[in-house]
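Taking it in order: structure first as structure tokens, then the write-up.
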Amino acid sequence: MTNTKEKLTALRADLLASGLDGFYLTRADMFQGEEVRPPDEFLCWLTGFSGSAGAALVLASKAAVFSDSRYTLQMHRQIDLSQFEAFDSSEMPLEHYMAAADYSAGSVKIGYDSWAVTVSGRGKLPKRLGAADVEWTALYTHPLASLWTDRPDYQTGPVFFLDDKTAGQPAAQKRAQAASQLTDAGCDYQLISHVDCVNWLLNMRGRDLCHTPFLLSFALLDSTGNLLLITGCTDPQEQAVQTISWKELDVYLAGLSGKKIACDSTSLPVALEQLLISSGLEIHYWQEPLIAVKARKNPAEIAGFRDAHQRDGLALCRFWHWLETAAETDKLSESQLADRLSAFRAEDSQYLCDSFATIAGFRDHGAIVHYRAVPGDDRLLSGAGVLLLDSGAHYSCGTTDITRCFYLGGTGNVPDEIRAHASFVLAGHIELASAVFPETASAAQLDGICRAPLWSQALDYGHGTGHGVGHILSVHEGPVSISKRCPLSLEAGMVLSNEPGHYKEGAYGIRHENLVLVVPRQSGFLGFETLSCFPFDLRLINSACLTDRQQRWLSTYHRDIYERLQPHLDEQLSIWLREKCRPA
């Protein structure tokens, strides 16, 4: 099958033969991460949509794809709109779409992959399809698996362990602390189904994914601190970590009948919940406590973040210098640009991999918030315009994520509108970076602080202001995000992004992103230390749009960057960087 219509026709035939009226397809796999392995990209295979978040509903006579505002333009570019409707999920949630469907009273059966839908996710599925009641049916074999005949095989990568100096705490000590919480909750076991928590708890990392250094695994922890790793990989046994395969899990769990086990419903697959129940275990649902512990970085992890950002800044300087002095930009494509940036980072001996696929959007492509440049279908950097470059890397000491905008082409002045919009975005960035706030302040309040300079100009952006960042783990980490909808408070030791933006569809995108560390200020108050170590393109900044205080912040930031990076640069790059870091 080579086209969307053929795939949908085959799927509908299989659903009908199974007594199902529809199928709900998420982009997620059993690990619920932002990055999934190629064999699990069922949503992309069926619909053509390759965004990192989304879902589809296939019914007998209609089908629709849903994603958030980051991917609205991308959905319309990639999806066959003669076969699928495409919706911004904030404007047309699945529940509203299903409620408006033309179905008469009665009941319908809609299937879903029980390994890709969590227990809490199941509880949020709509109960009605038009006037009909929905009977959601858990499927233990994915209905697309048999249709996707050239589906790639699963690949596993090497496993490695952080030493205690890098991790800041021995794994045995982490397990003992986690086990004490189990005892307090009156539980015998905990099933850890957040894969980043599993890797953090064992000071373990893996290369099962392209950009996220995980060994894809769950874990069983008992109240004495013993841990059993559930994985298809045998390498951890060499590090004295006991493992069990997924195929052996049902037999093992049967031996725990009558025990009480703690689980997080937000990450526990429905299929695994059913296995626990059938094994006779008593499930105690709680919010995974390791998420909050992991988010508060210890001194060793913080030192690693600082080191990683200095290394990253040096790589970015070499890249920007090359782009300005050696690159024939009119012959360079967006995807080639991303590859070259990765190559500069890879020159560092501690580089592991990029922390996500680089977003290199020139001119109007920069207005597509999560644009991905595909070789052969991307753009040459010819003519004048704004290049938005969002990139990051994992080093063996820490993780980076940074966005910079550069004005390329042309020798004349940058258009006034672009400079003004870029300057007000930077003003918002600086307001958040320099904020001092009570420990009780919510992340939503901080989001408003960042947006205020843009709001004053009737500007705004659709995405959140910041996300948590893991230490050589996922570049997007909970539990806190700086956004309009996050009621949680920040805590000292958390690392988050600071990334306001403005996007003019069909013209350009502006985003200024640094990573920041939450640090104590005076009693009862917190602030930020900026970790990212790379200058902003002053061609895009109109200092008249910044207050005196904001100009001082920018000049101080650029001076600090120069002092940190200059000793590691040759004379030519030092002179070049001094000009880039001149006072605003």
Side-chain angles (χ1 to χ4, degrees), residues 29-33 35 37 154-183 187-209 212-256 259 261-264 267-269 272 275-276 279 281 288-291 293-294 298 300-301 304 352-353 394 396-397 399 470-474 477:
D29 61 8
M30 65 181 292
F31 300 104
Q32 299 296 312
E35 186 178 358
R37 292 171 289 182
Y154 288 107
Q155 303 291 329
T156 59
V159 179
F160 60 101
F161 289 78
L162 305 183
D163 58 38
D164 292 349
K165 182 180 178 181
T166 301
Q169 187 180 15
Q173 190 178 87
K174 292 181 178 181
R175 292 199 304 271
Q177 292 170 350
S180 68
Q181 294 179 304
L182 265 182
T183 302
C187 292
D188 304 295
Y189 291 89
Q190 177 188 0
L191 178 61
I192 307 172
S193 50
H194 286 274
V195 66
D196 55 344
C197 291
V198 175
N199 282 258
W200 176 85
L201 189 63
L202 288 171
N203 291 338
M204 175 183 70
R205 303 295 187 267
R207 297 305 307 273
D208 286 353
L209 299 171
T212 312
F214 288 164
L215 171 65
L216 292 173
S217 52
F218 288 172
L220 270 173
L221 178 73
D222 70 23
S223 56
T224 67
N226 292 319
L227 185 139
L228 181 67
L229 192 66
I230 309 166
T231 176
C233 174
T234 58
D235 286 356
Q237 292 177 348
E238 300 175 5
Q239 300 287 336
V241 176
Q242 186 180 1
T243 65
I244 188 173
S245 72
W246 295 100
K247 294 179 180 179
E248 301 170 299
L249 185 59
D250 56 345
V251 175
Y252 186 89
L253 290 176
L256 306 181
K259 300 296 185 180
I261 187 166
C263 303
D264 189 336
S267 61
L268 181 68
L272 203 44
L275 181 56
L276 295 174
S279 300
L281 284 152
E288 173 59 70
L290 293 176
I291 294 174
V293 177
K294 174 173 57 65
N298 62 47
E301 291 171 323
L352 297 175
C353 60
H394 295 292
S396 57
C397 52
T399 297
H471 180 246
I472 326 176
L473 289 166
S474 175
E477 174 182 83

Does some side-chain heavy atom of Cys197 sit less than 4.5 Å from a side-chain heavy atom of Ile291? yes
Test item: Leu352 and Arg205 side chains (from C-beta on) under 4.5 Å apart, heavy atoms: no
Quick one: which residue pairs count as a side-chain hydrogen bond (donor to acceptor under 3.5 Å, both in side chains) with a foot in residues 155-165, not counting sequence neighbours? Asp163-Thr166
Locate the shortest heavy-atom distance separating Gly206 from Asn199; write the atom from each residue and the value. N-OD1, 4.2 Å
Once you round to the nearest 0.5 Å, how far does CD of Gln190 lie from CG of Leu201? 8.5 Å
Are the side chain of Glu288 and the backbone of Asp264 linked by a donor-acceptor contact shorter than 3.5 Å? no
For the student: nearest non-hydrogen atoms of Ile472 and Thr399, plus distance: N-OG1, 2.9 Å
Euclidean distance, Asp208 CG relative to Glu35 CD, rounded to 0.5 Å: 10.0 Å
Atom pairs and distances, donor-acceptor, side-chain atoms in residues 170-178, under 3.5 Å, two or more places apart:
{"unit_1": "Gln173", "atom_1": "OE1", "unit_2": "Gln169", "atom_2": "NE2", "d": "2.8"}
{"unit_1": "Lys174", "atom_1": "NZ", "unit_2": "Trp200", "atom_2": "O", "d": "2.9"}
{"unit_1": "Lys174", "atom_1": "NZ", "unit_2": "Asn203", "atom_2": "OD1", "d": "2.6"}
{"unit_1": "Arg175", "atom_1": "NE", "unit_2": "Gly225", "atom_2": "O", "d": "3.2"}
{"unit_1": "Gln177", "atom_1": "OE1", "unit_2": "Gln169", "atom_2": "NE2", "d": "3.0"}

Before you tell me yes or no, could you show the steps for Leu253 and Leu220 under side chain to side chain contact (heavy atoms under 4.5 Å, CB included), namely the whole-Å CA-CA distance, both residues' side-chain angles and the distance that decides it to 0.1 Å? CA-CA 10 Å; Leu253 290 176; Leu220 270 173; 4.0 Å; yes
Interatomic spacing from CD in Gln181 to SG in Cys187 - rounded to 0.5 Å: 11.5 Å
Could you tell me if the side chain of Leu249 sits less than 4.5 Å from the side chain of Leu272, heavy atoms only? yes
Could you measure the distance from the CG atom of Leu229 to the CG atom of Leu221? Nearest 0.5 Å is fine. 11.5 Å
Are Ile261 and Leu256 side-chain neighbours, meaning at least one heavy-atom pair lies under 4.5 Å? no
Start with the C-alpha distance between Glu477 and Ser474, add both sets of side-chain angles, then the distance that settles side-chain hydrogen bond (donor to acceptor under 3.5 Å, both in side chains), and finish with yes or no. CA-CA 6 Å; Glu477 174 182 83; Ser474 175; over 6 Å; no
His194 (side chain) donor-acceptor with Leu268 (main chain) under 3.5 angstrom: no
Please confirm whether the backbone N or O of Ala179 pairs with a side-chain atom of Ser223, one donor and one acceptor, at under 3.5 Å? no
Among all residues two or more places apart in sequence or in another chain, which pass the ring-ring contact (aromatic ring centres under 6.0 Å, His included) test with Phe218? Phe31, Trp246
Apply side chain to side chain contact (heavy atoms under 4.5 Å, CB included) to residues Leu191 and Ile230 and explain how you reach the verdict. CA-CA 10 Å; Leu191 178 61; Ile230 309 166; 3.9 Å; yes
Tell me if a side-chain donor or acceptor on Asp196 pairs with a main-chain N or O of Leu473 at a distance below 3.5 Å. no
Quick one, Tyr252 and Leu228 - any side-chain contact, counting heavy atoms below 4.5 Å? yes
Note: Ala167 and Leu162 closest approach over all heavy atoms is CB-CB, 4.2 Å
Is the shortest heavy-atom distance from the side chain of Arg37 to the side chain of Leu209 under 4.5 Å? yes
Treating Asp222 as the side-chain partner and Tyr189 as the backbone partner, does any N or O pair qualify as donor plus acceptor under 3.5 Å? no
Using side-chain hydrogen bond (donor to acceptor under 3.5 Å, both in side chains), reason through Ser217 and Thr231 one step at a time and then give a plain yes or no. CA-CA 5 Å; Ser217 52; Thr231 176; 5.2 Å; no
